[in-house]
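Comments concern the structure below.
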Amino acid sequence: MRRTLLTMSLSLTVLGTASPHPGPDRPCSGYLLRGGGAEVWVDAGTGTFAELRRHTDPRRLTAVWISHLHADHSADLLAAAYAFAFGGLTPPAPIPVYAPADCARRLAVFLGHPDVRFLSGVLDFRALYDGHTVRHGSLGLTSRAVAHDTEAYGLRAECRGSVLAYSGDSGPCAALGELAAGADLFLCEADIDRHREGEQVHLTPEDAGEAARDAGVRRLVVTHVGPTLTREDAAERAAAAFGGPTGAAIEGATVSL
């Protein structure tokens with residue numbers, strides 16, 4: 001496992017980007033956010049717990065933040081629960097898990113437990129809502145409800161004047177602009193090639209670029225690129241709409257703000 005000192009500045013390490021299922025060397029959505037002495041696992045898509053362990057000891061996590069409960073953003077909470085409860089990686093105190101309200105129940109049902117509190121010794125589930133704000137040291141996390149086909153949230157992380165915004169899974173909506181306003185880095189999904197008629201639950205690369213442009217962000221990184229696109233094409237199309245520095249999230253990469 002790679003040993004990294006906790007940083008007071010804001011950084012993001014990409015654990016996975018795939019949609020809607022993992023591929024070889026490409027887990028689903030997951031990121032390690034560091035800042036102000038805190039370490040937060042943002043989204044726990046399939047395959048990301050193993051990648052998290054490349055970059056930190058999971059027992060050191062300050063919190064887990066889950067945008068929504070689709071498997072490609074949350075399934076590896078199961079791996080984490082096994083590791084923490086039964087696999088010798090018990091954290092010194094229960095780790096806060098900020099997630100939609102049904103998260104604990106779903107995990108308990110999957111594991112065959114009638115009581116959602118059975119993991120309370122290792123995980124402390126706390127329900128997200130629109131406008132939810134929490135601070136861990138110098139790191140502030142604000143959640144906003146976004147447009148998707150289930151309860152879903154985007155994230156704005158702030159630390160010592162640096163701002164990172166994350167779309168989660170979202171269609172075009174005003175909340176994206178509010179989350180990303182003036183951000184140093186906007187990590188934004190670009191899942192689909194084009195919208196189906198009447199369906200606005202994901203973003204095209206052009207949607208991502210336009211949202212970044214309208215929000216006045218400094219840098220755009222597209223992620224969660226679906227199987228109808230390549231990352232290179234998605235980044236190129238988003239850049240044309242944004243008109244500013246644009247890249248694609250790649251597993252293992254770390255961006256510092």
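- If you take CZ on Arg59 and CZ on Arg53, they are separated by 8.0 Å, rounding to the nearest 0.5 Å.
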Subject >> Stepwise side chain to side chain donor-acceptor pair (under 3.5 Å) check, Thr204 with Arg194 >> reply: CA-CA 6 Å; Thr204 66; Arg194 58 181 57 87; over 6 Å; no
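- To the nearest 0.5 Å, atoms CG (Leu185) and CG (Leu257) are separated by 5.5 Å.
- Neither Val109 nor Phe86 shares a network with the other; the hydrophobic side chains, linked directly or stepwise wherever heavy atoms of I, L, V, M, F, W or Y lie under 4.5 Å apart, form separate groups for each.
- No donor-acceptor pair closer than 3.5 Å links the side chain of Arg34 to the backbone N or O of Ser9.
- A salt bridge links Asp102 with Arg105; the closest basic N to acidic carboxylate O contact falls under 4.0 Å.
- Side chain to side chain, Trp41 and Thr56 fail the donor-acceptor criterion of an N or O pair below 3.5 Å.
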Subject >> Derivation and outcome, side chain to side chain donor-acceptor pair (under 3.5 Å), residues Tyr31 and Thr223 >> reply: CA-CA 11 Å; Tyr31 312 89; Thr223 190; 2.7 Å; yes
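- Counting heavy atoms of neighbouring residues, nucleotides and ligands inside a 6.0 Å radius, atom CD of Glu236 does not exceed 12 of them.
- In this structure, CG in Leu155 is found 5.5 Å from OG in Ser143, a value given to the nearest 0.5 Å.
- Aromatic rings of His73 and His224 (six-membered ring for Trp) have centroids within the 6.0 Å cut-off, being under it.
- The backbone N or O of Gly131 lies less than 3.5 Å from a partner atom in the side chain of Thr133, making a donor-acceptor pair.
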**OP:** Check step by step if side chain to side chain contact (heavy atoms under 4.5 Å, CB included) holds for Glu151 and His68.
**Re:** CA-CA 6 Å; Glu151 181 183 2; His68 65 292; over 6 Å; no
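- Residues Pro100 and Ser67 are not in side-chain contact: their nearest non-hydrogen atoms beyond the backbone lie 4.5 Å or more apart.
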**OP:** Could you walk me through whether His195 and His202 pass the ring pair (Phe, Tyr, Trp, His ring centres under 6.0 Å) test, one step at a time?
**Re:** CA-CA 8 Å; His195 291 285; His202 283 292; 9.2 Å; no
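- Summarising the geometry, atom CG belonging to Asp169 is positioned 6.5 Å from atom OG belonging to Ser19; distances are rounded to the nearest 0.5 Å.
- Contact of the Asp115 side chain with the His113 side chain is not registered, since no non-hydrogen atoms from C-beta on lie closer than 4.5 Å.
- Atom CG in Leu77 sits 9.0 Å away from atom CZ in Phe84 (nearest 0.5 Å).
- Ser256 contributes no side-chain N or O that, together with a main-chain N or O of Thr254, makes up a donor-acceptor pair within less than 3.5 Å.
- Judged by distance alone, with hydrogens and angles left aside, the side-chain atoms of Asp130 form a donor-acceptor pair with the main-chain N or O of Ala145 at under 3.5 Å.
- With contacts defined as side-chain heavy-atom distances shorter than 4.5 Å, the pair His70/Asp149 qualifies.
- Screening Val64, Leu32, Thr13, Leu33 for a side-chain contact (heavy atoms from CB on, under 4.5 Å) with Val42, the sole residue that qualifies is Leu33.
- A salt bridge links Glu251 to Arg231: at least one charged side-chain nitrogen sits closer than 4.0 Å to a carboxylate oxygen.
- Judged purely by atom type and a 3.5 angstrom limit, Ser29 has no side-chain atom pairing as donor or acceptor with the backbone of Gly45.
- Ion pairing between a basic and an acidic side chain is recognised when a charged N comes within 4.0 Å of a carboxylate O; Arg126 and Asp124 show such pairing.
- At a threshold of 4.5 Å between side-chain heavy atoms, the hydrophobic network of Ile, Leu, Val, Met, Phe, Trp and Tyr places Val14 and Val225 in two separate groups.
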Subject >> Residue pair Ser74, Asp43: steps toward the side chain to side chain contact (heavy atoms under 4.5 Å, CB included) verdict >> reply: CA-CA 6 Å; Ser74 66; Asp43 274 348; over 6 Å; no
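- Side-chain contact between Trp65 and Tyr166: present, with at least one pair of heavy atoms (C-beta onward) separated by less than 4.5 Å.
- Side-chain atoms of Ser167 come within 3.5 Å of backbone N or O of Glu189 as a donor-acceptor pair.
- In this structure, Glu158 pairs ionically with Arg156, as a charged nitrogen and a carboxylate oxygen lie closer than 4.0 Å.
- Val163 and Leu12 are members of different hydrophobic clusters when ILVMFWY side chains are connected at heavy-atom separations under 4.5 Å.
- A heavy-atom distance below 4.5 Å is not found between the side chains of Val122 and Pro94.
- No side-chain donor-acceptor contact under 3.5 Å links Ser138 to the backbone of Gly36.
- With Asp184 as the partner, the salt bridge (Lys or Arg N to Asp or Glu O under 4.0 Å) test is satisfied by one option alone out of Arg160, Arg219, Arg218: Arg218.
- Of the residues listed (Leu78, Val97, Val116), the one engaging Leu107 in a side-chain contact (heavy atoms from CB on, under 4.5 Å) is Leu78, and it is the only one.
- The same ILVMFWY cluster, assembled from side-chain heavy atoms under 4.5 Å apart, contains both Phe118 and Leu89.
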**OP:** Determine, stepwise, if the pair Tyr98 / His132 fulfils ring pair (Phe, Tyr, Trp, His ring centres under 6.0 Å).
**Re:** CA-CA 9 Å; Tyr98 303 106; His132 181 279; 5.5 Å; yes
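- In the hydrophobic cluster analysis, where Ile, Leu, Val, Met, Phe, Trp and Tyr join through side-chain heavy atoms closer than 4.5 angstrom, Leu119 is grouped together with Phe110.
- Contact annotation: the side chain of Thr142 never approaches that of Val134 to less than 4.5 Å [non-hydrogen atoms, C-beta and beyond].
- Using a 4.5 Å heavy-atom cutoff, the side chains of Leu69 and Thr150 are not in contact.
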Original post:
Could you walk me through whether Phe186 and Leu164 pass the side chain to side chain contact (heavy atoms under 4.5 Å, CB included) check?
Top reply: CA-CA 6 Å; Phe186 185 25; Leu164 178 144; over 6 Å; no
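- For the pair Arg213 (side chain) and Ala208 (backbone), a donor-acceptor distance under 3.5 Å is absent.
- Taking CG of Asp191 as the start and CG of Leu229 as the end, the distance is 8.0 Å to the nearest 0.5 Å.
- Ion pairing between Glu51 and Arg54 holds under the 4.0 Å rule for side-chain N and carboxylate O.
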**OP:** Output, in order, the C-alpha distance, side-chain angles, deciding distance and verdict of side chain to side chain contact (heavy atoms under 4.5 Å, CB included) for Leu15 and Phe49.
**Re:** CA-CA 8 Å; Leu15 308 176; Phe49 185 70; over 6 Å; no
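- More than 12 heavy atoms of other residues, nucleotides or ligands lie within 6.0 Å of CG in Asp214, so this atom counts as buried by the packing criterion.
- The nearest pair of heavy atoms linking Pro22 to Thr46 is CG-CG2, 4.0 Å.
- Residues Pro172 and Asp207 have side chains in contact (heavy-atom distance under 4.5 Å, counting atoms from C-beta outward).
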